[in-house]
Participant: 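Below: one structure in structure tokens.
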Amino acid sequence: MNFNSLYSHAKLQMHLCMLFIISGGTNPERDRSIEMASNGNGNASVATGKGSGGRNGLPKIQTQKRQNAICHDDTAPTVKAQTIDELHSLQRKKSAPTTPLDGVQGAFANLTEEERHKQQLQSISASLASLTRETGPKLVRGDPARQSETPRVSHAPDHHFAPTFSASDSSLKFTHVLYNLSPAELYEQAIHYEKGSFITSSGALATLSGAKTGRSPKDKRVVRDETTEDELWWGKGSPNIEMDEHTFLVNRERAVDYLNSLDKVFVNDQFLNWDPENRIKVRIVSARAYHSLFMHNMCIRPTAEELENFGTPDFTIYNAGQFPCNRYTHYMTSSTSIDLNLGRREMVILGTQYAGEMKKGLFGVMHYLMPKRQILSLHSGCNMGKNGDVALFFGLSGTGKTTLSTDHNRYLIGDDEHCWSDKGVSNIEGGCYAKCIDLSREKEPDIWNAIKFGTVLENVVFDEHTREVDYLDKSVTENTRAAYPIEYIPNAKIPCVGPHPKNVILLACDAFGVLPPVSKLNLAQTMYHFISGYTALVAGTEEGVKEPRATFSACFGAAFIMLHPTKYAAMLASKMEKHGATGWLVNTGWSGGSYGSGSRMKLAYTRKIIDAIHSGKLLNANYKKTEVFGLEIPTEVEGVPSEILDPVNTWSDKKAYKETLLKLGGLFKNNFEVFVNHKIGKDDKLTQEIVSAGPKF
Ligand SMILES: Nc1ncnc2c1ncn2[C@@H]1O[C@H](COP(=O)(O)OP(=O)(O)OP(=O)(O)O)[C@@H](O)[C@H]1O
Ligand SMILES: O=C([O-])CC(=O)C(=O)O
Ligand SMILES: [Ca+2]
Ligand SMILES: [Mn+2]
């Protein structure tokens, strides 16, 4: 129902009520509306059948005198309330867990609801405990501003946990915990308390992420201790900038003190990974409703039963993003620090409110935990055809993972983070995070329709009155985003798991315009391009035409991996070999010249190419080999003009094409230098094959 019809519906209801009051009539329709207005206390329903006034012209106003000549306001029955506050309390029913008490198992079995809430608060208080004080903060559930009207808030003294004597002001105060709020509750919190939060015309919550509108990889630090020293990838090329345990604790204390100084904090208890055997319990403590709603959408949402039995989290995020880190603290090089401590299973965020840090921070954790269990973690989208054929979509930011895995003809397993275990694939997340710059209803209908109530819209620009979003507007940032639960995509596969992949599609947005729209890769080439992790986006557009800049990011996600890239590559090679998956390289970038002279590949063509991969038609097409990169390219793809399949045809300046091709080939070679002496897999044979699968000239 749209707003207009809602409005006219409401008007109609009012009209009917008035008519009833005026005529004292007995139309059953009217009686029903009165019944609703009286909250089910249906004394108003008089006899049905015969109507009185209203049939012949206007209804008569009844002016008959009442007893004592006092006008009673009682044509409708009164609600069961004596006061306005009581009336308001009738509006909201108390939420109850859906599990009957005797169905609860584990640590929380046989506890009353009160006791379970107490345990939950105790666990959260422990999470928020300072490391230098004896106890955690005093906690109470619910919004402090709503205490008198929120039934879930308990004033009972046994609901907070405090030392028997208080040595500091901070331990005297209460912190209110807003625990796993629903989207509706989080909307209210955001709109009430967070500047820059608005409801858009489609019902999404528009918000601003503050000064940072993207991740800050240079401020991501990982604690180097005896364990991680040997296990993780350190040094040149690694995303893991080291910090020591002590500095981590200093930042942790800073974040915890900040959070405890607030009137209220948001706590989300959720899951990662749809594979039940490898599910990870995460707790996110944050200061903004925006952050809580973002994670509500992005992580897997527990059922009421699962939440009742949640227990202690496996990993905790302290998001104090509004608060900067202290430049006097060792290692700090800016006001932003995103700190990961694998030993403590904790992450601290200071100085950035960009919500993607939480999402990708947890992804980093999975890139550590899963390979330990022989499970490969992947920066990829994933979908499945009607026949159960699974495809993975690798690619750096903006290359098309979300766009191409969201396919109306296939089931969406996930758009960004997956695991590949012996059983098949599983999504790590419970939601999608789509780029929305230039989003159009025609080209990406499923993403467009997912931007509705519950969806977080970051940094978009909208009309201040109609609240229509202008997806073309880059005033705040080019990195505008929508975060929505995966079930907002109509053909999402729930639970988000699938069998072993049949196709592994490597996406590159080649702004140089020399890579073919599609090529079929052998295993060595797949590994070469997987380790290279190439894309070339164009930097800013504001200062006129810019040179494309090549980006190489190992495993198509060097910012998130924890181990050396060859570890992941070796796992991918053995899984692809074992399950007979075919590798493909798809250029979603430029055609007809580099950025500036050519144009971006039409999404419609890329979709046709992807269709042909899924259907199996492309596997058996006719192929020819390109020079320099030695890529096998098809001569025909249904629905795609054949001349664009070999990029040389689309360039009018053939000399410029060759120069650009060689230039890109050189960049690939340079980048791969650091990997040539690394063994990949069990034997040197594959390593040699991979090294020689690169460009030759
Ligand atoms: N031919 C094309 N193929 C794919 N995407 C295209 C194409 N042409 C334009 N686009 C646009 O490029 C963008 C691809 O972004 P997408 O959200 O899919 O990136 P992503 O790989 O999921 O990145 P991230 O990891 O940052 O989420 C979309 O805005 C899409 O509309
Ligand atoms: O993490 C982000 O902010 C966006 C994203 O998905 C990526 O960069 O791969
Ligand atoms: Ca994406
Ligand atoms: Mn991503």
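Computed from heavy atoms alone, side chains included, the values below leave out hydrogens, waters and symmetry copies. Note that ligands are numbered from 1 as they come in the structure, with each ligand's atoms numbered from 1 the same way.
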Participant: Restricting to salt bridge (Lys or Arg N to Asp or Glu O under 4.0 Å), what partner residues turn up for E242, sequence neighbours left out?
Facilitator: R224
Participant: Check whether any N, O or S atom of E417, backbone or side chain, sits closer than 2.8 Å to the Mn ion (ligand 4).
Facilitator: no
Participant: Run the numbers for me: atoms of ligand 2, each under 4.0 Å from some heavy atom of D416, listed by number.
Facilitator: 6 (O)
Participant: Could you say whether the N/O atoms of A434 and ligand 1 ever approach to under 3.5 Å?
Facilitator: no
Participant: Between H529 and F556, is the ring-ring contact (aromatic ring centres under 6.0 Å, His included) condition met? List the steps.
Facilitator: CA-CA 9 Å; H529 287 277; F556 290 103; 8.5 Å; no
Participant: Applying a 4.0 Å heavy-atom criterion (strictly less than), which segment of R600 is in contact with ligand 1: side chain, backbone, both, or neither?
Facilitator: side chain
Participant: Ignoring hydrogens and angles, tell me if any N or O in the side chain of K360 forms a donor-acceptor pair with the backbone of G364 under 3.5 Å.
Facilitator: no
Participant: Could you please compute the angle at the Mn ion (ligand 4) from OD1 of D416 to NZ of K360, rounded to 10°?
Facilitator: 110°
Participant: Below 3.5 Å, N or O to N or O, backbone or side chain included: is there any such pair between G398 and ligand 1?
Facilitator: yes
Participant: Does at least one non-hydrogen atom of D415 fall below 4.0 angstrom from an atom of ligand 1?
Facilitator: no
Participant: Does F363 reach ligand 2, in the sense of a heavy atom lying below 4.0 Å from it?
Facilitator: no
Participant: Select the closest option to atom 26 (O) of ligand 1 among S397, A482, G381, judged by heavy-atom distance.
Facilitator: S397
Participant: Any idea which of K359, K360, M358 brings a heavy atom closest to atom 9 (O) of ligand 2?
Facilitator: K360
Participant: With respect to H379, determine whether any N or O atom, backbone or side chain, lies less than 3.5 Å from an N or O atom of ligand 2.
Facilitator: yes
Participant: Do L186 and L205 touch side chain to side chain, with heavy atoms closer than 4.5 Å?
Facilitator: no
Participant: Using a 4.5 Å cut-off on heavy atoms from C-beta on, say whether the side chain of L521 contacts that of L631.
Facilitator: yes
Participant: Can you tell me if G395 has a non-hydrogen atom under 4.0 Å from ligand 1?
Facilitator: no
Participant: With a cut-off of under 6.0 Å to the ring centre and 45° to the axis, is K359 in cation-pi contact with F294?
Facilitator: no
Participant: Under 3.5 Å between any N/O of R215 and any N/O of ligand 2: does that happen in this structure?
Facilitator: yes
Participant: Is there any N or O on Y433 that sits under 3.5 Å from an N or O of ligand 2?
Facilitator: no
Participant: Looking at side-chain heavy atoms only, is the closest gap between I280 and M370 below 4.5 Å?
Facilitator: yes
Participant: Could you tell me if any non-hydrogen atom of H379 lies under 4.0 Å from any atom of ligand 1?
Facilitator: yes
Participant: With atoms numbered from 1 as shown, which atoms in ligand 1 lie under 4.0 angstrom from a non-hydrogen atom of T403?
Facilitator: 14 (C), 15 (O), 16 (P), 18 (O), 28 (C), 30 (C)
Participant: Answer with side chain, backbone, both or neither: which part of T606 has a heavy atom less than 4.0 angstrom from an atom of ligand 1?
Facilitator: side chain
Participant: R481 heavy atoms, cut-off 4.0 Å: which ligand 2 atoms fall inside?
Facilitator: 4 (C), 5 (C)
Participant: Could you see which bit of R481 sits under 4.0 Å from ligand 1, with heavy atoms only: side chain, backbone, both or neither?
Facilitator: side chain
Participant: Mind checking whether R607 has a heavy atom under 4.0 Å from ligand 1?
Facilitator: no
Participant: Using a heavy-atom cut-off of under 4.0 Å, does the side chain or the backbone of L396 touch ligand 1, or both, or neither?
Facilitator: backbone
Participant: Measure from the side-chain N and O atoms of N341 to the backbone N and O of E346, and report whether any donor-acceptor pair falls under 3.5 Å.
Facilitator: no
Participant: By number and element, which atoms of ligand 2 are closer than 4.0 Å to a non-hydrogen atom of Y354?
Facilitator: 2 (C), 3 (O)
Participant: Before you tell me yes or no, could you show the steps for D389 and R410 under salt bridge (charged side-chain N to carboxylate O under 4.0 Å, His left out), namely the whole-Å CA-CA distance, both residues' side-chain angles and the distance that decides it to 0.1 Å?
Facilitator: CA-CA 10 Å; D389 63 297; R410 295 172 64 81; 3.0 Å; yes
Participant: Can you tell whether the side chains of R279 and D314 come within less than 4.0 Å, N to carboxylate O?
Facilitator: no
Participant: Checking side-chain contact (heavy atoms from CB on, under 4.5 Å) against M295, which of V456, L362, N319 comes through?
Facilitator: L362
Participant: Given side chains that start at C-beta, do those of R600 and T588 come closer than 4.5 Å, heavy atoms only?
Facilitator: yes
Participant: Below 4.0 Å, non-hydrogen atoms only: which portion of E444 touches ligand 1? Side chain, backbone, both or neither.
Facilitator: side chain
Participant: When the ring centroid of Y568 is compared with that of W233, is the distance short of 6.0 Å?
Facilitator: no
Participant: Below a 4.0 angstrom heavy-atom separation, can you tell me which part of Y433, side chain or backbone, both or neither, approaches ligand 1?
Facilitator: backbone
Participant: Less than 3.5 Å between some nitrogen or oxygen of N479 and one of ligand 2, yes or no?
Facilitator: no
Participant: Does this structure show an ion pair linking R283 with D269, if we count only N-O contacts that are shorter than 4.0 Å?
Facilitator: yes
Participant: Using ring centroids (six-membered ring only for Trp), state whether F552 and F672 fall under 6.0 Å.
Facilitator: no
